[in-house]
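Both counts, for ligands and for their atoms, begin at 1 and track the order of listing.
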Amino acid sequence: MLRSAMGTVINIDGRLLPPEEATISVLDRGFLYGDSIYEVIRTYGGRPFELDAHLDRLEGSAGLIALTLPWDKKRFSEEIQETIRASANIEAGRETYVRLVVTRGSGEIGLDPALAVKPRTVIISRPLVMPSKECYESGVEVAVVSVQRVAPEAINPAAKTGNYLNNLLALKEARDRGAYEAVMLDGKGRLTEGSTSNVFIVKDGKLVTPPTDAGILEGVTRRVILLAAQDVDIAASQLHLEPDDLREADEAFITSSIREILPVTRVDGEPVGEGRVGSVTKKLQAAFRERTGVPVDGEGF
Ligand code: PLP
């Protein structure tokens, strides 16, 4: 088995390679058109968290862009676990970041998906890097940006595709304004999600997040948090929200597989609630970690 001193191993179509040997064709449609889908997964205690949910979503994304997956869920799962093992991060006391990408492959240059000969799978396994401790202790700032989330009728945000220009431009606007993450609105001015995160607010002790029909990616973390809220008796609902709901919230946070629950303490330069990480957020962070099997004092915040 290939062992990487650097903790990074790449699997291309079932072959494990060191990063310097992991190359694919410039004719790949993922490169030419963003014609691909992907998942980002992390490990807890060396085991991929919610792997089944990620693979279900991968299948959903494939369906939404009419991409035929090369492997079944069992094979994806085995290849991912093999790649994680080969990167040997857990032996070095680290958790692993996994990026699974399936492209429509390559063929004659041209938009028509029928030109693609065979899908290509890439699994990148490398040491996990979380946001800094400071981010979790002080919270981050988000900016409600002018770049709208692409409409479900254009490219359905429920599909996690490799075409991230919409999100990238939203994030650029947020970063240009000094914020850590963007919050995008839909065409009606309602909150959708962050560039790579889902958004939650807390008002009067209750948790609220936009529903899936708000035109968002249904985050795996989002789903686990809604369950974790039940564990600790926090009422949670999925409702359409406006930017003012975020500005007037008592607490807010963003979520993703890598960040878990990252507190938001400022919106467009103004404090959220008291401008500090709130008690409901802390309670949910602990409840979420319980579900990962690696409690709060293990790592991270
Ligand atoms: N929304 C978008 C657009 C994302 O890209 C991501 C993750 O990258 C999320 C939400 C959060 O999803 P998950 O919790 O499955 O990581």
Side-chain angles (χ1 to χ4, degrees), residues 34 36-44 48-62 64-65 76 80 95-102 124 128-131 140 142-145 147-152 154-174 180-186 190-201 207 209-229 236 238 241 246 252-264 284-285 287-289 291-292 300:
S36 63
I37 54 176
Y38 81 103
E39 285 295 321
V40 169
I41 305 155
R42 63 155 286 181
T43 63
Y44 287 93
F49 184 56
E50 292 287 320
L51 183 54
D52 244 28
H54 282 285
L55 294 177
D56 283 345
R57 188 169 66 187
L58 184 83
E59 288 189 343
S61 299
L64 286 166
I65 73 160
F76 273 115
I80 287 169
E95 296 291 355
T96 301
Y97 163 105
V98 177
R99 192 178 190 93
L100 163 65
V101 184
V102 183
I124 301 167
L128 173 76
V129 181
M130 286 183 77
V140 296
V142 297
V144 178
V145 295
V147 176
Q148 281 176 12
R149 187 72 175 109
V150 68
I155 303 171
N156 193 338
K160 195 165 171 65
T161 77
N163 191 321
Y164 255 55
L165 261 187
N166 176 217
N167 315 50
L168 180 157
L169 294 174
L171 182 64
K172 181 181 184 324
E173 183 180 332
Y180 168 86
E181 170 66 308
V183 172
M184 290 181 277
L185 307 179
D186 67 8
R190 300 185 301 198
L191 293 193
T192 62
E193 61 183 337
S195 68
T196 54
S197 60
N198 291 114
V199 179
F200 287 75
I201 67 162
L207 186 65
T209 193
T212 49
D213 71 8
I216 60 169
L217 181 76
E218 186 173 1
V220 170
T221 319
R222 174 187 179 279
R223 197 176 50 75
V224 175
I225 286 160
L226 291 171
L227 294 171
Q238 301 178 49
L241 295 170
L246 176 60
F253 56 83
I254 55 173
T255 68
S256 71
S257 295
I258 301 307
R259 302 183 191 98
E260 307 180 335
I261 297 178
L262 183 57
V264 170
L284 284 165
Q285 286 176 320
F288 178 84
R289 272 301 181 97
R291 281 187 166 258
T292 68

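- Checked against salt bridge (Lys or Arg N to Asp or Glu O under 4.0 Å), Arg99 has no partners two or more places apart in sequence or in another chain.
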Find all protein N or O atoms under 3.5 angstrom from an N or O atom of ligand 1 and list the pairs with distances, or write 'none'.
residue: ligand 1; atom: 1 (N); partner: Glu193; partner atom: OE1; Å: 2.6
residue: ligand 1; atom: 5 (O); partner: Lys160; partner atom: NZ; Å: 3.3
residue: ligand 1; atom: 5 (O); partner: Tyr164; partner atom: OH; Å: 2.5
residue: ligand 1; atom: 8 (O); partner: Lys160; partner atom: NZ; Å: 2.8
residue: ligand 1; atom: 14 (O); partner: Val220; partner atom: N; Å: 3.4
residue: ligand 1; atom: 14 (O); partner: Thr221; partner atom: N; Å: 3.0
residue: ligand 1; atom: 14 (O); partner: Thr221; partner atom: OG1; Å: 2.5
residue: ligand 1; atom: 15 (O); partner: Arg57; partner atom: NH1; Å: 2.9
residue: ligand 1; atom: 15 (O); partner: Arg57; partner atom: NH2; Å: 3.0
residue: ligand 1; atom: 15 (O); partner: Val220; partner atom: N; Å: 2.8
residue: ligand 1; atom: 16 (O); partner: Ser257; partner atom: N; Å: 2.8
residue: ligand 1; atom: 16 (O); partner: Ser257; partner atom: OG; Å: 2.8

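- Considering Val220, Val199, Thr221 as possible partners of Thr255, the one that fulfils the side chain to side chain contact (heavy atoms under 4.5 Å, CB included) test is Thr221.
- No hydrogens or angles considered: a donor-acceptor pair under 3.5 Å links the side chains of Thr43 and Glu95.
- Note: Phe253 and Phe200 have parallel aromatic rings, judged against thresholds of 30 and 60 degrees for the angle between ring planes.
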>> Glu39 vs Arg57, test: salt bridge (Lys or Arg N to Asp or Glu O under 4.0 Å). Steps then yes/no.
In response: CA-CA 8 Å; Glu39 285 295 321; Arg57 188 169 66 187; 2.7 Å; yes
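- Here Glu193 pairs with Arg149 in a salt bridge; the nearest charged N to carboxylate O distance falls below 4.0 Å.
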